[in-house]
Amino acid sequence: MHELAVCQGLMRQVEQVAAAHGATAVGLIVLQIGELSGVEPTLLGRAFEIARAGTLAKDAELEIRTGPVVVQCRECGGKSAVPPNRLLCSYCGEWQVRVLEGEELLLLSVELDT
(Lines give C-alpha, C1' and ligand atoms only; values in the text may rest on other atoms or scores of the structure.)
Protein backbone atom coordinates (compact mmCIF):
# COMPACT_ATOMS: atom_id res chain seq x y z
CA MET A 1 0.00 0.00 0.00
CA HIS A 2 1.55 3.29 -1.06
CA GLU A 3 -0.22 5.15 1.75
CA LEU A 4 2.41 3.76 4.13
CA ALA A 5 5.18 5.33 2.04
CA VAL A 6 3.20 8.60 2.02
CA CYS A 7 2.93 8.46 5.82
CA GLN A 8 6.62 7.73 6.23
CA GLY A 9 7.40 10.82 4.15
CA LEU A 10 4.89 12.78 6.21
CA MET A 11 6.58 11.66 9.43
CA ARG A 12 9.96 12.83 8.11
CA GLN A 13 8.46 16.24 7.34
CA VAL A 14 6.71 16.45 10.73
CA GLU A 15 9.94 15.47 12.54
CA GLN A 16 11.79 18.27 10.70
CA VAL A 17 9.13 20.81 11.71
CA ALA A 18 9.24 19.58 15.31
CA ALA A 19 13.05 19.73 15.45
CA ALA A 20 13.10 23.24 13.98
CA HIS A 21 10.82 24.43 16.79
CA GLY A 22 12.39 22.44 19.64
CA ALA A 23 9.24 20.37 20.18
CA THR A 24 9.16 17.39 22.51
CA ALA A 25 6.02 15.87 21.00
CA VAL A 26 3.42 16.32 18.27
CA GLY A 27 -0.24 16.47 19.28
CA LEU A 28 -2.12 16.97 16.02
CA ILE A 29 -1.35 16.74 12.30
CA VAL A 30 -3.80 18.25 9.81
CA LEU A 31 -3.72 17.20 6.14
CA GLN A 32 -5.66 18.30 3.06
CA ILE A 33 -6.20 15.45 0.60
CA GLY A 34 -7.72 16.06 -2.81
CA GLU A 35 -10.02 13.44 -4.30
CA LEU A 36 -7.73 13.14 -7.32
CA SER A 37 -4.51 12.84 -5.30
CA GLY A 38 -4.41 9.06 -5.55
CA VAL A 39 -4.36 8.77 -1.76
CA GLU A 40 -7.21 6.99 0.02
CA PRO A 41 -7.93 8.79 3.33
CA THR A 42 -9.08 5.61 5.13
CA LEU A 43 -5.94 3.71 4.17
CA LEU A 44 -3.79 6.73 5.04
CA GLY A 45 -5.33 6.76 8.52
CA ARG A 46 -4.45 3.10 9.01
CA ALA A 47 -0.93 3.60 7.69
CA PHE A 48 -0.51 6.56 10.05
CA GLU A 49 -0.92 4.22 13.02
CA ILE A 50 2.15 2.29 11.83
CA ALA A 51 4.27 5.22 10.59
CA ARG A 52 3.97 7.29 13.75
CA ALA A 53 5.41 4.55 16.01
CA GLY A 54 8.73 5.58 17.50
CA THR A 55 8.43 9.22 16.41
CA LEU A 56 7.58 12.44 18.22
CA ALA A 57 4.08 11.94 16.77
CA LYS A 58 3.59 8.54 18.44
CA ASP A 59 0.52 9.84 20.33
CA ALA A 60 -0.59 12.37 17.71
CA GLU A 61 -4.02 12.59 16.19
CA LEU A 62 -4.39 12.81 12.41
CA GLU A 63 -7.07 15.07 10.98
CA ILE A 64 -7.78 14.62 7.29
CA ARG A 65 -9.69 17.27 5.36
CA THR A 66 -11.02 16.74 1.89
CA GLY A 67 -12.31 19.32 -0.53
CA PRO A 68 -14.06 19.52 -3.86
CA VAL A 69 -12.52 18.98 -7.27
CA VAL A 70 -12.53 22.38 -8.97
CA VAL A 71 -11.89 22.78 -12.68
CA GLN A 72 -11.55 25.73 -15.04
CA CYS A 73 -12.78 25.38 -18.61
CA ARG A 74 -10.24 26.11 -21.32
CA GLU A 75 -13.10 27.05 -23.67
CA CYS A 76 -15.43 29.36 -21.71
CA GLY A 77 -13.21 30.09 -18.67
CA GLY A 78 -15.86 28.98 -16.16
CA LYS A 79 -14.76 27.57 -12.79
CA SER A 80 -16.85 24.90 -11.11
CA ALA A 81 -16.79 22.09 -8.58
CA VAL A 82 -17.29 18.74 -10.27
CA PRO A 83 -17.46 15.07 -9.29
CA PRO A 84 -14.03 13.39 -9.46
CA ASN A 85 -15.25 11.00 -12.13
CA ARG A 86 -16.77 13.68 -14.39
CA LEU A 87 -14.21 16.36 -15.23
CA LEU A 88 -16.42 18.44 -17.50
CA CYS A 89 -17.22 22.14 -17.45
CA SER A 90 -20.49 22.66 -15.56
CA TYR A 91 -21.32 25.65 -17.78
CA CYS A 92 -20.68 24.52 -21.36
CA GLY A 93 -19.98 20.78 -21.02
CA GLU A 94 -16.49 21.07 -22.53
CA TRP A 95 -14.07 18.27 -21.61
CA GLN A 96 -10.91 20.38 -21.95
CA VAL A 97 -10.55 21.63 -18.39
CA ARG A 98 -7.69 22.42 -16.05
CA VAL A 99 -7.85 21.04 -12.52
CA LEU A 100 -7.45 23.90 -10.01
CA GLU A 101 -8.15 21.95 -6.82
CA GLY A 102 -8.44 18.29 -5.97
CA GLU A 103 -4.98 16.87 -6.71
CA GLU A 104 -3.30 18.16 -3.56
CA LEU A 105 -1.78 16.39 -0.60
CA LEU A 106 -0.86 19.16 1.79
CA LEU A 107 0.42 19.32 5.34
CA LEU A 108 -1.75 22.16 6.66
CA SER A 109 -0.62 22.31 10.27
CA VAL A 110 1.24 20.55 13.04
CA GLU A 111 0.40 21.10 16.71
CA LEU A 112 3.60 20.89 18.73
CA ASP A 113 4.29 20.39 22.43
CA THR A 114 7.36 22.31 23.56
Side-chain angles (χ1 to χ4, degrees):
M1 113 170 90
H2 91 289
E3 280 78 2
L4 182 57
V6 170
C7 274
Q8 290 168 331
L10 171 66
M11 288 298 96
R12 284 190 295 275
Q13 189 175 10
V14 167
E15 292 265 319
Q16 289 174 350
V17 170
H21 291 86
T24 57
V26 176
L28 175 67
I29 299 168
V30 182
L31 298 179
Q32 173 80 24
I33 300 178
E35 290 187 74
L36 299 176
S37 69
V39 175
E40 175 59 43
T42 304
L43 294 177
L44 188 73
R46 289 184 192 145
F48 178 72
E49 298 298 320
I50 297 166
R52 71 181 179 169
T55 71
L56 290 176
K58 67 179 186 242
D59 297 320
E61 191 177 320
L62 177 65
E63 181 181 318
I64 297 175
R65 298 179 185 172
T66 58
V69 175
V70 177
V71 297
Q72 181 173 24
C73 182
R74 295 184 191 273
E75 195 63 34
C76 75
K79 293 180 186 176
S80 55
V82 298
N85 62 345
R86 189 163 167 79
L87 302 180
L88 300 173
C89 177
S90 296
Y91 299 103
C92 70
E94 177 64 40
W95 62 271
Q96 293 185 1
V97 295
R98 182 170 62 107
V99 177
L100 300 176
E101 296 175 34
E103 297 176 315
E104 66 278 348
L105 175 56
L106 301 172
L107 175 59
L108 295 180
S109 66
V110 180
E111 185 179 285
L112 303 173
D113 297 332
T114 54

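Note that this is a predicted model, so its numbers are computed, not measured. Computed from heavy atoms alone, side chains included, the values below leave out hydrogens, waters and symmetry copies. We're numbering straight along the sequence, starting at 1.
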With Lys58 via side-chain contact (heavy atoms from CB on, under 4.5 Å) - residues at least two apart
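Here no residue qualifies.
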Does Arg65 have any side-chain contact (heavy atoms from CB on, under 4.5 Å) partners at least two apart in sequence or in another chain, and if so, which?
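Result, side-chain contact (heavy atoms from CB on, under 4.5 Å) vs Arg65: Val30, Gln32, Glu63, Leu108.
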Do you know the tightest heavy-atom contact between [X] and [Y]?
{"X": "Leu112", "Y": "Ala23", "answer": "CB-CB, 3.8 Å"}
{"X": "Gly22", "Y": "Thr114", "answer": "O-CG2, 4.2 Å"}
{"X": "Val82", "Y": "Arg86", "answer": "CB-O, 3.6 Å"}
{"X": "Phe48", "Y": "Met11", "answer": "CE1-CE, 3.5 Å"}
{"X": "Val97", "Y": "Arg74", "answer": "O-NE, 3.8 Å"}
{"X": "Pro41", "Y": "Ile64", "answer": "O-CD1, 3.6 Å"}

Test log, rule side chain to side chain contact (heavy atoms under 4.5 Å, CB included), inputs Leu44 and Leu10:
CA-CA 11 Å; Leu44 188 73; Leu10 171 66; 5.8 Å; no
Is there a chain of hydrophobic side chains (I, L, V, M, F, W, Y, each step under 4.5 Å between heavy atoms) that links [X] to [Y]?
{"X": "Leu36", "Y": "Val71", "result": "yes"}
{"X": "Ile33", "Y": "Leu107", "result": "yes"}
{"X": "Leu88", "Y": "Val70", "result": "no"}

In Å and rounded to the nearest 0.5 Å, what is the [atom1] to [atom2] distance from [X] to [Y]?
{"X": "Gln72", "Y": "Ser80", "atom1": "CD", "atom2": "OG", "answer": "9.5 Å"}
{"X": "Glu3", "Y": "Arg46", "atom1": "CD", "atom2": "CZ", "answer": "10.0 Å"}
{"X": "Leu87", "Y": "Glu94", "atom1": "CG", "atom2": "CD", "answer": "12.5 Å"}
{"X": "Cys7", "Y": "His2", "atom1": "SG", "atom2": "NE2", "answer": "10.0 Å"}
{"X": "Asn85", "Y": "Glu35", "atom1": "CG", "atom2": "CD", "answer": "9.0 Å"}

For Leu31 and Leu106: C-alpha separation, side-chain torsions, deciding distance, then whether side chain to side chain contact (heavy atoms under 4.5 Å, CB included) applies.
CA-CA 6 Å; Leu31 298 179; Leu106 301 172; over 6 Å; no
Test of understanding: with side-chain hydrogen bond (donor to acceptor under 3.5 Å, both in side chains), list the residues that count as partners of Ser109, not counting sequence neighbours.
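Counting only residues at least two positions away or on another chain, Ser109 forms no side-chain hydrogen bond (donor to acceptor under 3.5 Å, both in side chains).
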Worked check of side chain to side chain contact (heavy atoms under 4.5 Å, CB included) between Val14 and Leu56
CA-CA 9 Å; Val14 167; Leu56 290 176; over 6 Å; no
